[in-house]
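These figures come from a predicted structure and were not determined experimentally. Order of listing sets the numbers, starting from 1, for every ligand and every atom in it.
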Amino acid sequence: MIETRDLTKAYGRRMVVDHVTMTVEQGEFIALLGPTGCGKTTILRLIAGLEDPTSGVVLLDGVDTSQIPARDRGLAMVFQEFAPYPHMSVAENIAAPMRFGASGAETAGTKVLDRQRVAEVAAELGIGSLLDRRPDQLSGGQRQRVAVARAIVRRPRAFLLDEPLSQLDAHLRIALREEIAALAKRLGVTTIYVTHDQSEALMLASRIVVLNRGRVHQIGTPQEVRTDPDDVFVASFVSSAQTTLVQGAVYAGKDGAAELDMGSQSIVIPASDPAAAGLVARHTERVTVALRSEAMRPCPVDAAGAVLRGTVAFVEDLGAELLVHVATDLVALPPPQRAAPVVERRRLNPIPRQRQAEAAFEEPEEPLRHLVVRAPSGARPAIGSAFAVEVDLRRLFLFDRNGYRLR
Ligand SMILES: Nc1ncnc2c1ncn2[C@@H]1O[C@H](COP(=O)(O)OP(=O)(O)OP(=O)(O)O)[C@@H](O)[C@H]1O
C-alpha cells in the first residue's frame with residue numbers, strides 16, 4: 001500500500017505538488033491524470049524517493065519513508081523515454097538492475113540467477129526471442145517492453161509508470177497498454193500510472209486521481225470522474241465528448257421550480273426534479289453550466305421543455321453519427337486555467353522538455369463556443385439552419401463561483 005499525506009513540493013515560491021493526500025491499496029492500479037506540468041511526475045519522484053518533499057510524507061505499507069533512500073524502497077519506475085545501455089544486449093539491459101541493484105548479496109552466482117529470471121520476464125513480455133539483440137536493433141515498442149521487463153525483474157513492491165507509452169504511435173500504444181494492464185493484474189503489483197491521456201486512464205485504472213496545478217481535484221473510479229465530476233475542472237478535462245461551459249444564474253421560479261438563466265435563453269427545472277429545491281435556495285447566484293454532448297439530443301425547433309436553440313455552424317461526419325456544432329448566443333466560458341502564471345514560470349531554471357510542453361498552455365484556452373451535439377448520420381442538417389436540442393437535466397452539471405459542483 002502506498003499513501004501520501006499532505007505531500008507538498010515547492011520549487012522556490014512555486015507549489016508544484018500541493019498537499020496531495022491519496023491511498024493506493026495493495027495490488028491496485030491507479031492512474032494520475034492531469035494536463036502537462038500539473039505535477040504528476042514530481043509526485044512519482046517523491047514516492048520513489050528521487051526528490052525530497054517540502055512537507056508531508058510518503059508511507060509504504062504504513063511505514064514513513066522520510067529516512068528510507070530510493071534504492072531501499074523496493075519500487076520500480078519506468079520512464080517516458082527509456083534509454084537502454086547501448087553496448088549491452090537486451091538480456092543484460094533487463095538484468096542490469098539486479099547486478100547494479102541495492103543488494104550486494106545477490107552478486108554471487110548472479111549470472112545464473114539472472115539468466116533464468118530474465119528469460120522468464122522476457123517471455124512474459126513477448127520479447128523472449130530478442131534477448132541477444134542490441135538496443136539499436138529494437139523498435140520503439142520493443143524498447144518499452146524492455147523497460148517494463150527491467151522494472152519487474154526485481155519483483156518490486158510497486159510499479160511507478162511515467163507515461164511509458166507516450167512516445168509510441170497510437171496503434172502500438174493501445175496494444176501495449178492492454179498488455180501492461182494484464183501484466184499488472186496477473187502479477188498483482190500495486191501500480192501508479194501517470195498519463196495526460198484520459199482514454200488511457202479510463203481504460204487502465206481501477207481509480208483515477210485527477211490533478212491540476214499540483215492539486216487533487218477528484219479521486220474516483222473511471223465511471224465516477226467521467227459521469228459525476230466534483231468540479232468544473234474535472235468536468236471539462238475528463239469527458240467522453242466535448243464540454244461547452246456557459247455562464248448562467250439561478251433564480252427561484254414559479255411553484256417551487258428553479259430557473260436556470262443563461263442570458264438570452266433559460267431552462268426551467270421543475271419542482272419535481274430533485275435538484276430544484278437546492279437551486280431555488282441559491283436564488284440569484286451565478287453558476288457555470290457544463291453542457292456535454294451526452295447531455296443533449298436534437299429535438300424539433302418548436303419543442304417545449306428544457307430546450308436550447310441556435311443555428312448549425314458546421315457538421316462533422318463521424319460515419320456512424322454526426323457531430324453538429326450549434327452556434328448559440330450563450331456566453332461561453334474558457335475551461336479552468338491549467339498552467340501556472342507565466343511570470344512565475346520564467347523564474348524557474350529552464351527545463352527544456354517541460355517548458356516546451358507547457359508553452360501550449362501559457363495563453364488561456366479559448367472557450368468552446370458551440371454546443372456539440374450528436375445526431376444520427378441519416379439527415380444532415382444544412383449549415384445556417386435553425387437547430388434545437390433537448391437538455392437531459394440529470395446530466396446537466398452546474399458549478400458555483402469557485403468551480404465546485406452544485407449537487
Ligand atoms: N527541478 C525543478 N525545478 C523547478 N521546477 C521544476 C523542477 N521539476 C519540475 N518542475 C516544474 O514543476 C511542474 C510540474 O512538473 P511535472 O514534471 O511534475 O509535471 P507533469 O504533470 O509530470 O508534466 P509532464 O506531463 O509534462 O511530464 C512543471 O511546471 C515543471 O516545470
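- At least one heavy atom of G37 sits closer than 4.0 Å to an atom of ligand 1.
- In this structure, the side chains of L371 and F387 stay at 4.5 Å or more apart for every pair of heavy atoms.
- Residue contacts with ligand 1, taken as heavy atom pairs separated by less than 4.0 Å, involve E163 solely via side-chain atoms from C-beta onward.
- Counting the atoms of ligand 1 from 1 in the order shown, those under 4.0 Å from a heavy atom of V16 are 12 (O), 13 (C), 14 (C).
- More than 12 heavy atoms of other residues, nucleotides or ligands sit less than 6.0 Å from atom NE2 of H87.
- Each of V16, V58, L211 was compared with I43 under the side chain to side chain contact (heavy atoms under 4.5 Å, CB included) criterion, and only L211 meets it.
- Counting the atoms of ligand 1 from 1 in the order shown, those under 4.0 Å from a heavy atom of K40 are 18 (O), 19 (O), 20 (P), 21 (O), 22 (O), 23 (O), 25 (O).
- Below 3.5 Å of separation, one finds an N or O of T42 facing an N or O of ligand 1.
- Within the 4.5 Å cutoff, the side chain of L322 has heavy atoms near those of the P381 side chain.
- At a heavy-atom distance under 4.0 Å, only side-chain atoms of R14, from C-beta outward, approach ligand 1.
- The minimum heavy-atom distance linking P270 with V268 is given by the pair CD-O, 3.5 Å.
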